[in-house]
There are 2 protein chains.
Amino acid sequence: MGMTLDEILPDLRRQSVDVRHAETGLWAASMLREHISAGQLAPGAKLSEEPLCEVLGVSRNTLREAFATLAQEHIVTRIPNRGVFVTRPTADDIREIYRVRRFLEPAALTWSTDAKTDTLHAAIARARAARTAGSVPGMASANQDFHAGVVALTKSDRLGAQMTQVLAEMRLVFYSMVADPLFHAPYIDDNADILSTFESGERAEAATLMVDYLRRAETQLLAAHARG
Amino acid sequence: MGMTLDEILPDLRRQSVDVRHAETGLWAASMLREHISAGQLAPGAKLSEEPLCEVLGVSRNTLREAFATLAQEHIVTRIPNRGVFVTRPTADDIREIYRVRRFLEPAALTWSTDAKTDTLHAAIARARAARTAGSVPGMASANQDFHAGVVALTKSDRLGAQMTQVLAEMRLVFYSMVADPLFHAPYIDDNADILSTFESGERAEAATLMVDYLRRAETQLLAAHARG
DNA sequence: GTTCTAGCAATTGTTCAACAATCTGACTGA
DNA sequence: TCAGTCAGATTGTTGAACAATTGCTAGAAC
């Protein structure tokens with residue numbers, strides 16, 4: 001973590017100057033969001049204003065607009081007069097994340113009017129492929145796609161956005177601790193079970209399975225988090 | 001709508017200068033949020049930067065940070081190079097609001113571990129009192145308290161925040177049209193039914209009643225919105 | 001009279017430079 | 001060893017400046 005921002009973020013600078021006379025703040029926010037989600041900016045890392053302005057090629061005021069956006073998404077934590085840091089999730093954060101998921105995902109399975117499960121099947125297939133290939137990031141990504149897809153069944157932009165946000169925080173949880181590389185592996189079949197139960201029309205049962213799955217995952221993550 | 005900001009917002013100026021060397025942007029945001037929620041800034045109203053800076057006693061940069069916050073809450077709508085306006089909810093917005101509520105509220109009734117219903121009873125009592133007193137704002141406010149209280153059963157800050165946000169948008173919906181003064185009156189008894197069913201332990205039935213209630217309310221609001 | 005266009009004024013988007021407030025860390029003196 | 005204090009760095013906020021965009025208006029063309 002002793003690397004400078006220039007070393008970590010080589011290609012962050014805005015290429016063309018005329019990217020449009022509006023939304024530079026949102027552009028900067030999405031840039032940072034991307035790099036944080038990809039793990040290039042680890043939890044706890046300090047985002048100093050001046051170096052970041054330099055790297056991004058925006059002014060301090062614009063950068064602060066970006067910080068305001070990311071802080072509201074809980075991706076970044078602002079400590080007054082101290083600075084902005086990539087959020088390092090606490091045990092309470094993990095509990096809150098799963099609290100949200102235990103309402104959102106079962107609700108989607110229970111009351112969604114949509115039942116197009118193509119993307120869900122695709123996500124599971126991708127997860128299985130990643131498992132046989134031994135790709136941990138692949139499994140993690142496919143797993144997130146599955147659960148994002150479940151909430152997408154609601155057809156609600158806002159619930160989808162909230163889920164996206166929560167899943168981004170999940171990535172921070174994984175980055176902030178040494179998680180078991182095989183964490184996702186056993187859950188792939190759980191997802192498949194949930195999906196087939198849902199497709200058979202037993203929605204209440206699918207929701208129950210989902211709650212159960214989420215409880216187990218939470219417990220396991222909290223244990224790993226406690227270990228360090 | 002031809003009034004100037006100074007006429008509408010007489011007491012918005014920051015009183016003491018030393019309110020603390022941090023969070024001025026959040027302070028400005030909450031100031032605007034309050035006045036919008038209270039209806040003193042009607043949907044569609046333009047929030048020009050320069051006059052507002054004058055009235056609030058903050059700089060344009062700080063005000064823009066506040067705008068970024070409010071825009072993310074959908075309280076305010078930003079049109080590039082045109083300005084910031086108090087959101088005027090569309091029919092689609094209403095549908096999205098109720099889509100969110102139809103997942104959040106039944107989910108809270110179904111899977112919340114908490115069952116403390118004091119605040120819910122209190123809200124219903126307040127609604128009834130407002131009804132006999134003929135106070136439309138009183139009924140509206142008590143009704144919102146009830147439904148916010150339902151989601152509060154989840155004990156999740158984020159779901160609570162999302163509900164708060166959605167209810168703020170509901171206020172904008174009412175402000176942006178001539179709603180039937182008796183809109184809330186018949187729903188008070190629905191709320192009471194839902195609560196007693198929930199307390200009897202029939203959670204699934206309570207959730208069903210809630211979904212039904214929300215569908216009826218949505219339909220009625222959409223009709224009113226279509227009329228003008 | 002209508003439609004199109006050029007150009008001007010007003011407003012937003014963004015940057016820059018400055019200063020105030022606060023934190024950090026190191027140095028001091030018991 | 002341990003408080004106190006003092007400079008240096010960083011954040012919070014401001015005001016002014018300039019660039020880009022929009023909307024309006026006054027004519028020009030038909």
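Scope of the values below: all heavy atoms of this structure, side chains included, with no hydrogens, waters or symmetry mates. Each chain gets a letter, A, B and so on, in the order the sequences are listed, and its residues count up from 1.
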What nitrogen or oxygen pairs link the protein and nucleotides 24-26 of chain C at under 3.5 Å?
| residue | atom | partner | partner atom | Å |
| --- | --- | --- | --- | --- |
| C:dT24 | OP1 | A:Arg82 | NE | 2.6 |
| C:dT24 | OP1 | A:Arg82 | NH1 | 3.1 |
| C:dT24 | OP1 | A:Arg82 | NH2 | 3.3 |

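Following rounding to the nearest Å, A:Glu23 (CD) and C:dT15 (P) show an atom-to-atom distance of 14 Å. B:Ile79 places its CD1 atom 9 Å from the P atom of D:dG23, with the value rounded to the nearest Å. Distance, B:Leu56 CG to D:dT14 P: 10 Å, rounded to whole Å. Atom P of nucleotide C:dA17 and atom CD of A:Glu49 are separated by 16 Å, given to the nearest angstrom. Here D:dG15 presents its P atom at 12 Å from CD of B:Glu50, a figure rounded to the nearest Å. Regarding A:Trp27, its CH2 atom lies at a distance of 11 Å from the P atom of C:dT14, rounded to whole Å. Straight-line distance from the CG atom of B:Leu47 to the C1' atom of C:dT11: 14 Å, rounded to whole Å.
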Show me the donor-acceptor pairs within less than 3.5 Å that the side chains of residues 103-112 of chain A make with the rest of the protein, sequence neighbours left out.
| residue | atom | partner | partner atom | Å |
| --- | --- | --- | --- | --- |
| A:Glu105 | OE1 | A:His147 | ND1 | 2.6 |
| A:Glu105 | OE2 | A:Arg101 | NE | 2.6 |
| A:Glu105 | OE2 | A:Arg101 | NH2 | 3.1 |
| A:Thr110 | OG1 | A:Pro106 | O | 2.7 |
| A:Ser112 | OG | A:Ala108 | O | 2.9 |
| A:Ser112 | OG | A:Asp114 | O | 3.2 |

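Dashed line: the shortest gap from a side-chain N or O of B:Thr24 to OP1 or OP2 of D:dT13 is under 4.0 Å.
With sequence neighbours excluded, the residues satisfying side-chain contact (heavy atoms from CB on, under 4.5 Å) with A:Asp92 are A:Thr90, A:Arg95. Take A:Ala130 and apply the side-chain contact (heavy atoms from CB on, under 4.5 Å) test, not counting sequence neighbours, and it matches A:Ser135, A:Met139. Every side-chain contact (heavy atoms from CB on, under 4.5 Å) that B:Ser141 has, sequence neighbours left out, goes to B:Asp145. In this view, A:Ala224 and A:Met177, A:Arg227 satisfy the side-chain contact (heavy atoms from CB on, under 4.5 Å) rule, not counting sequence neighbours.
Side-chain atoms of B:Thr24 and B:Thr62 include no donor-acceptor pair closer than 3.5 Å.
The stretch residues 59-73 of chain A touches DNA chain C through A:Ser59, A:Arg60, A:Asn61, A:Thr62, each having a heavy atom within less than 4.0 Å of the strand.
Sorted pairs that involve residues 61-85 of chain A and meet ring pair (Phe, Tyr, Trp, His ring centres under 6.0 Å), not counting sequence neighbours, are lacking altogether. The salt bridge (charged side-chain N to carboxylate O under 4.0 Å, His left out) contacts involving residues 165-182 of chain B comprise A:Arg158-B:Glu169, where partners must be two or more places apart or lie in separate chains.
Ring pair B:His225/B:Phe174: centre-to-centre distance not below 6.0 Å.
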